[in-house]
There are 2 protein chains.
Amino acid sequence: MHIETAPTASRSLIRVKTKSQAVAKPPKDNPITEHLAYLLAQANREINRQLEMRLSKEGVPVEQWRILKVLSDGNGHSMGELADAVLLNHPTLTKMVDRMVSDALVYRVQDPKDRRKVLMFVSDRGKALSKRLNSLAVSQEEHIVESYGDKSTNELKRLLESLIDSSN
Amino acid sequence: MHIETAPTASRSLIRVKTKSQAVAKPPKDNPITEHLAYLLAQANREINRQLEMRLSKEGVPVEQWRILKVLSDGNGHSMGELADAVLLNHPTLTKMVDRMVSDALVYRVQDPKDRRKVLMFVSDRGKALSKRLNSLAVSQEEHIVESYGDKSTNELKRLLESLIDSSN
DNA sequence: TTGAAAATATTGAATATTCAACAATTGAAG
DNA sequence: CTTCAATTGTTGAATATTCAATATTTTCAA
């Protein structure tokens, strides 16, 4: 691995640039921490990590909690529907569902109305796990509310929903 | 691949459950779309996708924009610092930086003060690219503001920042 | 009715990420 | 000083994700 030798102090000094004076309309060259996309990524990463840690008690990734939760309405959901709902693309979902079928958490049924489709169902074992996972997820959110406040949490949720709406 | 035969209509009917009456304190078994963690993941996915599409004009993933942007202050940043700043874990960053070094966008300098550390710098080529990427990112955010509103955007940013703060 | 196009899900290869182990350097205790 | 622990970054193997191609079924137009 090639690594440069350290620059000399004088060379560093030569490089110092005089900032051009502040412009009237801000050049929008803000620090990355002010970009919406960055803040969303950062917040998502943090909250997702916390949730992941809670769910690890049951040895289950966040995505599987989502899948079980969506299927827990008892209705069959096609793979396409499910992929949208759980924020995974199709091939990723297929493979994750394969694992969950192996673990007897969910099962596939060919849709009799449209045989291209596969309907996913949750098993009793999956339902039981889903309940335990929900407790963990709810307690995480309660923990957030404790430090962040009920008002802020609800306001944030509302804004996120409307951002999502406006992005379609 | 094993797929169950479709359940008969009668079997489906037998399974229908009578919902227990509404409880005083909600059981918090809300749809997943009301969970903060889910809303954050969904919003992040959507906005990140849009940004990704914009940046694809320059053939660069979002993470490389972040790296270039952070390094564009002209100071050297250690790999650890950088990993935190750009929301990547260490091995992932190492490999992405390898690619960027190949593309002559950034370079490594061993820190003379602490030779365990590697300081990352952006090259002139990287700086030029960074500017173009910033334009694209800014225009994306402007596009969001157009439909979502200036007020909502700023309010959302503020709430995200304070969520992140309260999570540490 | 037939044939082409669209929709749906899966597969395998290519790519990316993560985990655990490692190497190098520094810090700190004795 | 010496040695042991902690810090920093990288590597390789294991795992996961994505892209492109495929198979199947349905839809729709001619």
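The analysis underlying the following values was restricted to heavy atoms, covering all of them including side chains, and did not include hydrogens, waters or symmetry mates. Values in this document were obtained by computation on a predicted structure and should not be read as measured data. Here is the naming used below: chain letters follow the sequence lines, and residue numbers restart at 1 for every chain.
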Do A/K117 and D/dT26 share a donor-acceptor pair, side chain to base, under 3.5 Å?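 Flag unset: no donor-acceptor pair detected.
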
Separation of [N] [atom2] from [X] [atom1] (nearest whole Å):
| X | N | atom1 | atom2 | answer |
| --- | --- | --- | --- | --- |
| B/H77 | D/dT8 | NE2 | P | 16 Å |
| A/Q110 | D/dT25 | CD | C1' | 9 Å |
| A/L93 | C/dA9 | CG | C1' | 10 Å |
| A/M96 | D/dT15 | CE | C1' | 11 Å |
| A/L88 | C/dT17 | CG | C1' | 16 Å |
| B/N89 | D/dT10 | CG | P | 13 Å |

First encountered from the 5' end of DNA chain D, between A/K113 and A/P91: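 Its nearest nucleotide being more 5', the pick is A/P91.
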
Quick one: is [N] close enough that its OP1 or OP2 comes under 4.0 Å of any side-chain N or O from [X]?
| X | N | result |
| --- | --- | --- |
| B/R116 | C/dC22 | no |
| A/S78 | C/dA9 | yes |
| A/R115 | D/dT24 | no |
| A/T92 | D/dT17 | no |

Quick check against the 3.5 Å criterion: does A/T153 have a side-chain atom that pairs as donor or acceptor with the backbone of A/G149?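 Yes; judged by distance alone, with no hydrogens or angles, the pair exists.
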
Check ion pair B/D98-B/K95 (N to O, under 4.0 angstrom):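 Judged by the 4.0 Å cut-off on N to carboxylate O distance, B/D98 and B/K95 do not form a salt bridge.
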
Thinking salt bridges, do B/E52 and B/R49 make one under a 4.0 Å N-O criterion?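 No.
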
Please state whether the rings of B/W65 and A/H35 are parallel, tilted or perpendicular, taking 30° and 60° as the class boundaries.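 Plane angle over 60°, so perpendicular.
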
Between A/K95 and A/L119, which has a closest nucleotide on DNA chain C that is more 5'?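 Result of the comparison: A/L119.
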
Residue pair A/L36 / B/L160, side-chain heavy-atom distance below 4.5 Å: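 In short, these two side chains touch, coming nearer than 4.5 Å.
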
Closest listed nucleotide, where the reference is the side chain of B/D98 and the choices are D/dT11, C/dT26, D/dT26: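 Side chain of B/D98 sits closest to D/dT11.
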
